[in-house]
Amino acid sequence: MRLGIDLGGTKIEIVALDRDGAVRLRRRTGTPDDYPAMIEAIARLVAAAERELGGRGTVGVGIPGSLSPATGLVRNANSQALNGHPLDVDLAAALGREVRVTNDANCLAMSEAADGAGAGHRTVFAAILGTGCGAGIVTSGRILDGPNRTGGEWGHTPLPWMRPEEFPGPRCWCGRHGCLETFLCGPALAADCDGPGARDAGSIPARAAGGEAKAAAALARHTDRLARALGMIANILDPDIIVLGGGLSNMAHLYTDVPSLMAAHVFGDVARTPIVPARHGDSSGVFGAARLWDGG
Ligand SMILES: [Zn+2]
């Protein structure tokens, strides 16, 4: 039995997958405000799941941040209470077993590579276009990562082939200018269309389709920037498939417009990387967390 935990800002979700990937149990609870209560809430979810199913599982946890390889502490989590804590160590103590922790984009990649839109492909690049912008890379069933544990941190690389009017790009919360996240996430699209502080990107495709020039122009800029950003990935990693998740991945035009725009930025005479929406949607985080022990 494989247990996956999605530790989000508003809810903590647990899923139990059996050997075949079928869901045997799924529960959720609200995310407490303080860190010790989060550990307790996860321990309670795991204990209840194991009691109900009558077995002991491996535990993987997806978080909106990552563990620093230097300090072992959570960094860059937008659930502020998590930052600065050794989450894997504390959960291991609470649960009496080793626990694997990774960021939610890596969970998306694991889930989609295993039995989602990337199934059957060796190298899967999975990007989240939502409140933020991140990505994970799974190759031969395992997360591709390295000494900095920054594999897939595409969202904090600069927009490639910047145009003069784009340079240097908006200031990112990470301290840099022009990160992909500042152009490609939902709030970035909303702000580009409707000005600083606008948050609603979801209505923009319908407004564009309805003839609103401002919405169509913002959408075209966003599509072109995403095509450049993915063209760069093809030139470095050449994944077998690109899977898009997060709220903006519901925009149907991405799957028709991005591949042809991307081709101009792929070095060489072919550009045939499929770009597809995630199959598991919002569930990919918790499913991927359950799969963090797959492949050894
Ligand atoms: Zn950044």
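In this text the structure is predicted, and so the values were computed from the model without any measurement. Indexing begins at 1, ligand by ligand and atom by atom, following the structure's order.
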Can Arg163 and Asp224 be counted as an ion pair, charged N to O under 4.0 angstrom?
yes
Donor-acceptor contact present, side-chain Asn148 to main-chain Thr150, <3.5 Å
no
Are Val258 and Trp161 joined in one hydrophobic group, where the rule is that I, L, V, M, F, W and Y side chains link up if heavy atoms are under 4.5 Å apart?
yes
Candidates Arg221, Arg225, Met251 - the one meeting side-chain contact (heavy atoms from CB on, under 4.5 Å) with Leu189
Met251
Please report how many protein N/O/S atoms lie under 2.8 Å from the Zn ion (ligand 1).
4
Begin with the C-alpha distance, continue with both residues' side-chain angles, and end with the deciding distance and a verdict on salt bridge (Lys or Arg N to Asp or Glu O under 4.0 Å) for Glu13 and Arg26.
CA-CA 7 Å; Glu13 184 164 24; Arg26 193 166 182 172; 2.6 Å; yes
Give a yes or no on whether a salt bridge exists between Arg142 and Asp294, defined as a side-chain N under 4.0 angstrom from a carboxylate O.
no
